[in-house]
Amino acid sequence: MAIELTLPDGSIREFPDGTTGFDVAESIGSRLAKAAVAIELDGAQLDVHRPIPMSGAVRIITQNTEEGRSVLRHSAAHVMAQAVLDLYPGAKFAIGPPITDGFYYDFSVDRPFTPEDLERIEQRMAEIIAEDQTFERDEVSVEEGLELFADQPFKREIIEGVDAEEGADANSVSLYRNASFVDLCRGPHVSSTGKLKAVKLMRAAGAYWRGDEKNPQLQRIYGTAWETQKELAAHLERLEEAERRDHRKLGRELDLYSFPNELGSGLAVWHPKGGMLRKEIEDYSRRVHGQYGFEFVNSPHVAKAQLWETSGHLGFYADNMFPAMELDHADQYIVKPMNCPFHVLVYKSRSRSYRELPLRLSELGAVYRYERSGVVHGLLRVRGMTQDDSHTFCRRDQVAEELNRHLQFVLMLLRDFGFDEFEADLSTRPEEKWVGELDLWELATDSLREALVAAEIDFQVAEGEGAFYGPKIDIHIRDAIGRRWQMSTIQVDFSLPERFELEFATSSNDRERPVMIHSAKFGTVERFVGVLVEHYAGAFPGWLAPVQASVIPVADRHDEYAEQVAGELRAAGVRVDVDLAIETVGEKIRRAITDKHPVILVVGDNDVENRTAGIRLRGEDSERRGVPLDDIVAELVELCERPR
RNA sequence: GCCGGGGUAGCUCAGGGGUAGAGCAACGCACUCGUAAUGCGUAGGUCACGGGUUCAAUUCCCGUCUCCGGCUCCA
């Protein structure tokens, strides 16, 4: 018997029965065979070292692809579990999947793993890898599986749930064995442990069984695995780069903001330089909101509990709200976690006509949310934050255009800050709990989808992931080092207009309910700054840099001229510092560089005489001397020009 | 909130049952300097906070706050 395999180039070739993926790869090229870690046959991944069971379309998965690395990492996870079970008899092992950049495995053990434990485990793994144990696939019945894992409760639970979960053949489960270690696994795996060339354990952490905090907490070990030591080293270097960009560290170094203990968790104070950065960002926000037809409103930080009762927040958002304050007449006031009810009240302040819709209300609103203590993180997850929030009230026939307009607006804004890679999630109506009318849901969802298509950005549909009150788009950006951050959101709301009984007069003088669109463009100013700091590694473009230029006098007899230079630049709108410190020029240059000022101007005798300066731009390691002051002013004005 | 690890000078960190140390930063003096650290000196700490053990606690124990890495959650 023979099998017919269709290769990715479309060619069909015949192979003898018993041919393995490895053989197929070998027939194409020895380098391909060496890099092969699995194959895909008609969409299903299979081991490269086992016979291909039937004819079909085949593709070799190599270790230098994300799919291939997943196979390596999955195998590495097995080896780690093997090492843990060797070293810690009685340990129960749960699940160990590959993840982005690595893998983990969860264990139930007597005591949590220490850093020393990780070293031991890593050492044991190295031994297992050196032994080059073969991974063998096996299939057993559910009964046999349950028996085999008699003392492994998590594995038994997985076996018992296997048919329900994966739609797999309910009568058998697949196993992988290497040496004496057996794990329940779908595979595929590399042919032997020796294929793992670069594995490193990263850290231990607690994690709940099946991700549910009601379940027992397990001990998770994270590791990473790559096809070569070189790739591993590159990965570690990327982690270090991320550390160098950490906005908490840069925020301190650049004197932007801090998180004083006296304040409380998740609360920041903004120093003058951070304040300037914020101001630029907020000024920009107001400018473009105005240009896009938003009107500015303002609302207080607290409101009666009744308002939150009406809005429904006390029902579904109470966990994230700071507790109520008891006031004199038994009134309770609550610090706002959102701005929407206030904007609704603005809408409701008088009767509205169809002619004035869409009504776009915008506010940089400070909100406070009670985040659980373990989740706060620098500026990226705080308890006090400022949303560049807007609420648009529109008619049904305006929904499509408004949503499109909001998306265009958000993308323009993000592009102005140097982000140009976007991914969006379109979250649709939940299956069970939802409010509003079905046709409105469909209209809004379709409009969101069309807007995404028109904007030509990649998006995924998250079926049923929308809030109960409406569909939404979340926009993620990729930063300079490829990390994904959620920023903006455009959210349709059928609930609040209902709860507050909003209406407007139609052209036929009927009463109709408006549709509401929530949108935060930056997400929050705090998070946006945090992401921006990491994106630019603190080296902000001219218009955002808190200090745009520093002027350095060579000796103190040049101080006066330095101030004069600074004065002219300030008059032209450039933010300038003059470094009058009694230091060497080298020291002052160094300080300006480490402070990441976009421009350094050095002035000495020649400059005083000729009305010039030496100019050095950030990122360049040489300077231009004797540049006429007028040229410098013109150059800096251009360099610091705001996008809109 | 849960699991683990931390909190020593402004920052980075060393130390350790007998009331603490370095580098950088700060301050002073000298140097007056042309593109990434001039030299010398001075000052600076209730060792996060509260309790306990002890003749003695910054060190050991407990609690609280807070930070870090995860889980869960999320802008």
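Keep in mind that this is a model prediction, so the values were computed, not measured. Naming: A, B, ... by sequence-line order, numbering from 1 per chain.
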Completion exercise
The residue, A:V603 or A:G211, whose nearest nucleotide of RNA chain B is more 5′ is A:V603
Handout entry: Side-chain-base donor-acceptor pair under 3.5 Å for A:Y208 and B:rG1
Key = yes
Problem - Contact under 4.0 Å: A:T114 side-chain N or O vs B:rG5 OP1/OP2 - result: no
Exercise for the section: Please work out if A:N320 contacts a base, only the sugar-phosphate, or nothing of the nucleic acid, heavy-atom cut-off 4.0 Å. Expected result: nothing
Practice task
Name the nucleic acid region contacted by A:Y370, choosing base, sugar-phosphate or nothing; use a 4.0 angstrom heavy-atom cut-off, strictly under.
Solution key: sugar-phosphate
Exercise for the section: Give one of base, sugar-phosphate or nothing for A:G266, where a contact means two heavy atoms less than 4.0 Å apart. Expected result: sugar-phosphate
Practice task
Tell me yes or no: between the side chains of A:S519 and A:Q491, is some donor less than 3.5 Å from an acceptor?
Solution key: no
Exercise for the section: Considering only NZ, NE, NH1 and NH2 on the basic side and carboxylate oxygens on the acidic side, decide whether A:E463 and A:R429 come within less than 4.0 Å. Expected result: no
Practice task
Side chain of A:A207 only, please: which of B:rC71, B:rA75, B:rG34 is the nearest?
Solution key: B:rC71
Problem - Options B:rU66, B:rA75, B:rG70, nucleotide nearest the side-chain atoms of A:Y222 - result: B:rG70
Practice task
Please state how far atom CZ in A:F259 lies from atom C1' in B:rG10, giving the value in whole angstrom units.
Solution key: 17 Å
Completion exercise
With sugar-phosphate taken as primed atoms, P, OP1 and OP2 and all else as base, the protein-contact string of nucleotides 36-47 of chain B at under 4.0 Å (heavy atoms; B, S, -) is BBB---------
Exercise for the section: Run the ring-centre check on A:Y222 versus A:Y105 and record whether the distance is less than 6.0 Å. Expected result: no
Handout entry: Length of the CG-P vector between A:L218 and B:rC71, whole Å
Key = 13 Å
Exercise for the section: Quick one: label A:N261 by what it contacts on the DNA or RNA (base, sugar-phosphate, nothing), any heavy atom closer than 4.0 Å. Expected result: sugar-phosphate
Exercise for the section: Write down the distance separating the P atoms in B:rG1 and B:rA36, rounded off to the nearest Å. Expected result: 50 Å
Practice task
Identify whether any heavy atom of A:E623 sits under 4.0 Å from a base atom; if not, whether one sits that close to sugar-phosphate; answer base, sugar-phosphate or nothing.
Solution key: base
Practice task
With heavy atoms under 4.0 Å as the rule, sort A:S265 into base, sugar-phosphate or nothing.
Solution key: sugar-phosphate
Practice task
Using a heavy-atom cut-off of under 4.0 Å over every strand shown, decide if A:N606 touches base, sugar-phosphate, or nothing.
Solution key: base
Handout entry: Shortest side-chain distance from A:Q219, nucleotide among B:rG34, B:rC3, B:rC73
Key = B:rC3
Practice task
Could you check whether A:M487 gets within reach of a base, just the sugar-phosphate, or nothing at all, counting any heavy atom under 4.0 Å?
Solution key: sugar-phosphate
Practice task
Kindly indicate, with the supporting measurements, whether the criterion salt bridge (charged side-chain N to carboxylate O under 4.0 Å, His left out) is fulfilled by A:D106 and A:R220.
Solution key: CA-CA 4 Å; A:D106 287 346; A:R220 173 172 298 180; 2.6 Å; yes
Practice task
Using the side chain to side chain donor-acceptor pair (under 3.5 Å) rule, collect all pairs that involve residues 544-556 of chain A, keeping only residues at least two apart or in two chains.
Solution key: A:S550-A:H597
Exercise for the section: Measure from the side chain of A:A205, starting at C-beta and using heavy atoms only, and say which of B:rG70, B:rU32, B:rU66 lies closest. Expected result: B:rG70
Exercise for the section: Sticking with atom P, work out how far B:rC67 lies from B:rU12, rounded to a whole angstrom. Expected result: 15 Å
Exercise for the section: Classify the nucleic acid contact of A:V382 as base, sugar-phosphate or nothing, counting any heavy atom under 4.0 Å across all strands shown. Expected result: base
Practice task
Please determine if A:E213 and A:R372 form a salt bridge, counting it only when a charged side-chain N lies under 4.0 Å from a carboxylate O.
Solution key: yes
Handout entry: Short N-O contact, A:R590 and A:E587, less than 4.0 angstrom
Key = no
Problem - Which nucleotide in B:rC73, B:rU32, B:rC71 has an atom nearest any side-chain atom of A:R381 - result: B:rC73
Exercise for the section: Would you indicate, yes or no, if B:rG69 has its OP1 or OP2 atom less than 4.0 angstrom from a side-chain nitrogen or oxygen of A:H377? Expected result: yes
Exercise for the section: Verify the ring-centre separation between A:H476 and A:F422: is it less than 6.0 angstrom? Expected result: no
Problem - Distance in angstrom units between A:E213 CD and B:rC2 P, rounded - result: 10 Å
Handout entry: Residue-level proximity of residues 235-255 of chain A to RNA chain B when a heavy atom falls under 4.0 Å
Key = A:R248, A:R252
Practice task
Looking at every strand, decide which applies to A:R203 at a 4.0 Å heavy-atom threshold: base, sugar-phosphate, or nothing.
Solution key: sugar-phosphate
Handout entry: A:F409 and A:H289: CA distance, side-chain angles, deciding distance, ring-ring contact (aromatic ring centres under 6.0 Å, His included) verdict
Key = CA-CA 9 Å; A:F409 178 53; A:H289 273 84; 4.9 Å; yes
Problem - A:R557 side-chain N/O to B:rC33 phosphate OP1/OP2 under 4.0 Å - result: yes
Exercise for the section: Mark yes or no for a side-chain to base donor-acceptor pair under 3.5 Å between A:E371 and B:rC74, with no hydrogen or angle criteria applied. Expected result: no
Handout entry: Electrostatic pair A:K249-A:E253, nearest N-O below 4.0 angstrom
Key = yes
